[in-house]
Trainee: 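Okay, handing you the structure first.
As the structure lists them, so they are numbered: ligands from 1, and atoms in each ligand from 1. Quick caveat: nothing in here was measured; it's all calculated off a predicted structure.
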Amino acid sequence: MSAVLQTELAADRKAFYDKIDKANVTPLWEVLHNIITATPSTPCKPHLWKWDQMWPWIQEAGRLISAQEAERRVLVLENPGLRGRSSITHSLYAGLQLILPGEVAPSHRHSQSALRFILLGRGAYTAVDGEKVTMGVGDFVITPSWTFHDHGNPSEEPMVWMDGLDVPLVELLDAQFMEKGPQEAQHTNRTEGDNLAQFGNTMKPVEYRAKSRTSPLFWYPYGRTREALETLAQAHDAHPCWGHKLQYTNPVSGDWAMPTIGTFMQLLPKGFKGKDYRSTDSTVYAVVEGKGRCRFGGETLVFGPRDVFVCPSWLPYRLEADEQAVLFSFSDRPVQQALDLWREAF
Ligand code: 1HN
């Protein structure tokens, strides 16, 4: 085609695009390769939030606003590739929540499912649908979708936990509802320990009928998880990529503990040098014990206790531990698997 004809065609195309644009219509061929990429092209970036940097800011937030006034006193961990969107990955939210001695975070409920992973303190509680659990470091606690929940700290020490929620995912689906509770703190009408007694011993009450996909067990204390990993590490070889890794399950269905968020705990033996791993579920890690590194090609994140870091979809990374390390993690893997989308490679 001559240069003149080519210029004419380009002008005709432009005029056509402008015309249809006014009616909210656009040509696919101009965007096809941006929306359908050969491999995941996530805005999520690898990032590490160091506890040593976060802790003074968490304490400062504690002086500036009460849990009551804030409703939830949380510093949101925003992925550097997703600023302004309250997201740590494209689909998930994470934040660090502080509750000081004597404080109460008032009761509310929402469609979003939440997890708490305790980083500091012992003795604060969360109440879920009328049942309290008292939490300590390393415990994993679930607030199922649409259950009333409030938190309180009758202990003498501050408590900090990582919140993980499916906020961006539920927002994408436009399926969110929220309401405040009828009282600040729920009347707790069940005996503490009831939940673990009912569902935490590979048994269930004979009359139990599942009402949702979320695990009826909502408190997974660290002692049991830690002991399981320690025993596994003695009995088995470490996997070359992830060491010894367990996923939390719904003890009744055997499925994930939460329908939208997959949760894991893993042990990396001292001196562990993991092989490259990648998966389509961008993953948030919180360090419970030990020191090590997460390497992405050229970039290295050096982690220690209470640090949080994020590994984006499909970017290869490897984990290393100088001392025996224990890592909690969460991702949207259950959603991807339910939709036949999840992939991993190593
Ligand atoms: C929430 O309800 C809590 O209950 C924490 O502690 C963080 C972030 C977004 C939306 C709801 C909580 C939250 C949240």
Trainee: Counting only heavy atoms from other residues, nucleotides and ligands, does the tally under 6.0 Å from CG of D237 exceed 12?
Mentor: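 Result for CG/D237: open.
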Trainee: Distance to the ring centre below 6.0 angstrom and angle to the axis at most 45 degrees; does that hold for K132 and Y125?
Mentor: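 Satisfied, under 6.0 Å and within 45°.
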Trainee: What is the distance from atom OG1 of T260 to atom CG of L92, rounded to the nearest 0.5 Å?
Mentor: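 Going from the OG1 atom of T260 to the CG atom of L92 covers 7.5 Å.
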Trainee: Are there more than 12 heavy atoms of other residues, nucleotides or ligands under 6.0 Å from atom CZ of F177?
Mentor: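 Atom CZ in F177 is not crowded, with 12 or fewer foreign heavy atoms closer than 6.0 Å.
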Trainee: Can you produce the list of protein nitrogen or oxygen atoms under 3.5 Å from a nitrogen or oxygen of ligand 1, alongside each distance?
Mentor:
from: ligand 1; atom 1: 2 (O); to: H108; atom 2: NE2; distance (Å): 2.6
from: ligand 1; atom 1: 2 (O); to: H110; atom 2: NE2; distance (Å): 2.7
from: ligand 1; atom 1: 2 (O); to: H149; atom 2: NE2; distance (Å): 3.4
from: ligand 1; atom 1: 4 (O); to: R72; atom 2: NE; distance (Å): 2.7
from: ligand 1; atom 1: 4 (O); to: R72; atom 2: NH2; distance (Å): 3.4
from: ligand 1; atom 1: 4 (O); to: H108; atom 2: NE2; distance (Å): 3.4
from: ligand 1; atom 1: 4 (O); to: R116; atom 2: NH2; distance (Å): 3.3
from: ligand 1; atom 1: 4 (O); to: H149; atom 2: NE2; distance (Å): 2.9
from: ligand 1; atom 1: 4 (O); to: H151; atom 2: NE2; distance (Å): 3.4
from: ligand 1; atom 1: 6 (O); to: R72; atom 2: NE; distance (Å): 2.9
from: ligand 1; atom 1: 6 (O); to: Q97; atom 2: NE2; distance (Å): 2.9
from: ligand 1; atom 1: 6 (O); to: R116; atom 2: NH1; distance (Å): 3.0
from: ligand 1; atom 1: 6 (O); to: H151; atom 2: NE2; distance (Å): 2.7

Trainee: Between NE2 of H108 and OG1 of T143, what distance do you get to the nearest 0.5 Å?
Mentor: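 With rounding to 0.5 Å, NE2 (H108) is 8.0 Å from OG1 (T143).
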Trainee: Does any part of the side chain of L120, heavy atoms only, come nearer than 4.5 Å to the side chain of W161, both counted from C-beta?
Mentor: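 No - every pair of side-chain heavy atoms lies 4.5 Å or more apart.
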